[in-house]
Amino acid sequence: MEYRVKYTINGAAHSSTQYYNVFHSSEALEFLAHTWRKGSVHGGDLNILSVEEYNRYNQQWEDRLAFALEYASIPEMVVSEGGNATFSR
């Protein structure tokens with residue numbers, strides 16, 4: 001499946017997007033966390049805006065953030081009561 005993760009770095013004015021071909025939305029989020037940990041994504045905290053799966057049948061991106069947050073195991077991730085996720089150092 002094709003996923004895209006949209007995020008901002010330190011509250012930046014513009015968002016960034018990463019694309020992943022993985023089996024589950026949580027894997028896309030974990031790959032982004034790995035990239036961030038290794039320093040390939042420059043900046044401090046990441047605020048996750050969305051995790052979306054491309055539905056090739058209706059050619060639309062569908063929200064999968066709730067599923068990604070439920071199944072991802074990322075020690076640096078903090079999830080607020082409103083469902084917002086942040087990677088913090």
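Quantities reported herein were computed from a predicted structural model and do not represent experimental measurements.
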With the side chain counted from C-beta on, respond yes when [X] and [Y] share a heavy-atom pair under 4.5 Å apart, and no when they do not.
| X | Y | answer |
| --- | --- | --- |
| Ser73 | Glu30 | yes |
| Thr17 | Val5 | no |
| Ile48 | Leu29 | yes |
| Tyr3 | Asn21 | no |
| Ile74 | Phe87 | yes |
| Phe67 | Leu65 | no |
| Ser50 | Lys6 | yes |

Worksheet item: In the single-linkage hydrophobic clustering (I, L, V, M, F, W, Y; side-chain heavy atoms under 4.5 Å), do Val79 and Leu46 co-cluster?
Response: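 Linked within one cluster.
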Worksheet item: Shared ILVMFWY cluster between Leu49 and Met77, side chains joined below 4.5 angstrom?
Response: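 Different clusters.
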Discussion item. Walk me through whether Ile9 and His42 qualify under side chain to side chain contact (heavy atoms under 4.5 Å, CB included).
Written reply: CA-CA 8 Å; Ile9 301 172; His42 302 287; over 6 Å; no
Of all heavy-atom pairs between [X] and [Y], which one has the smallest distance, and what is that distance?
| X | Y | result |
| --- | --- | --- |
| Arg37 | Pro75 | NH2-CD, 4.2 Å |
| Gly43 | Asn10 | C-ND2, 4.4 Å |
| Val22 | Ala28 | CG2-N, 3.7 Å |
| Thr8 | His14 | CG2-O, 4.1 Å |
| Ser26 | Ala68 | CB-O, 3.7 Å |

Worksheet item: Any sub-3.5 Å donor-acceptor pair from Asn47's side-chain atoms to Thr86's backbone N or O?
Response: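 No; judged by distance alone, with no hydrogens or angles, the pair does not exist.
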Practice prompt. Kindly say whether Gln60 contributes a backbone atom to a donor-acceptor pair with the side chain of Asn58 at under 3.5 angstrom?
Written response: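 Between the backbone of Gln60 and the side chain of Asn58 there is a qualifying donor-acceptor contact (under 3.5 Å).
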Worksheet item: Looking at OH of Tyr71 and NE2 of His24, how far apart are the two atoms once the value is rounded to the nearest 0.5 Å?
Response: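 Going from the OH atom of Tyr71 to the NE2 atom of His24 covers 6.0 Å.
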Discussion item. With rounding to the nearest 0.5 angstrom, report the OG to CD distance, Ser40 to Gln18.
Written reply: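 Reported value, rounded in 0.5 Å steps: 9.0 Å.
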Worksheet item: Taking only residues at least two apart or on different chains, which pairs with a member in residues 54-71 satisfy salt bridge (Lys or Arg N to Asp or Glu O under 4.0 Å)?
Response: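 Listed by first then second residue: Glu53-Arg64, Glu62-Arg64.
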Discussion item. Looking at Tyr20, I want to see if its OH is surrounded by more than 12 non-hydrogen atoms of other residues, nucleotides or ligands under 6.0 Å.
Written reply: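 Enclosed: over 12 neighbouring heavy atoms sit under 6.0 Å from OH of Tyr20.
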Discussion item. Tell me every residue that passes salt bridge (charged side-chain N to carboxylate O under 4.0 Å, His left out) with Glu27, counting only those two or more places apart in sequence or in another chain.
Written reply: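 With sequence neighbours excluded, Glu27 shows a salt bridge (charged side-chain N to carboxylate O under 4.0 Å, His left out) to no residue whatsoever.
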Discussion item. Running the 4.5 Å side-chain criterion over Ile, Leu, Val, Met, Phe, Trp and Tyr, what cluster does Tyr19 land in, apart from itself?
Written reply: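 Members besides Tyr19, by chain and number: Tyr54, Trp61.
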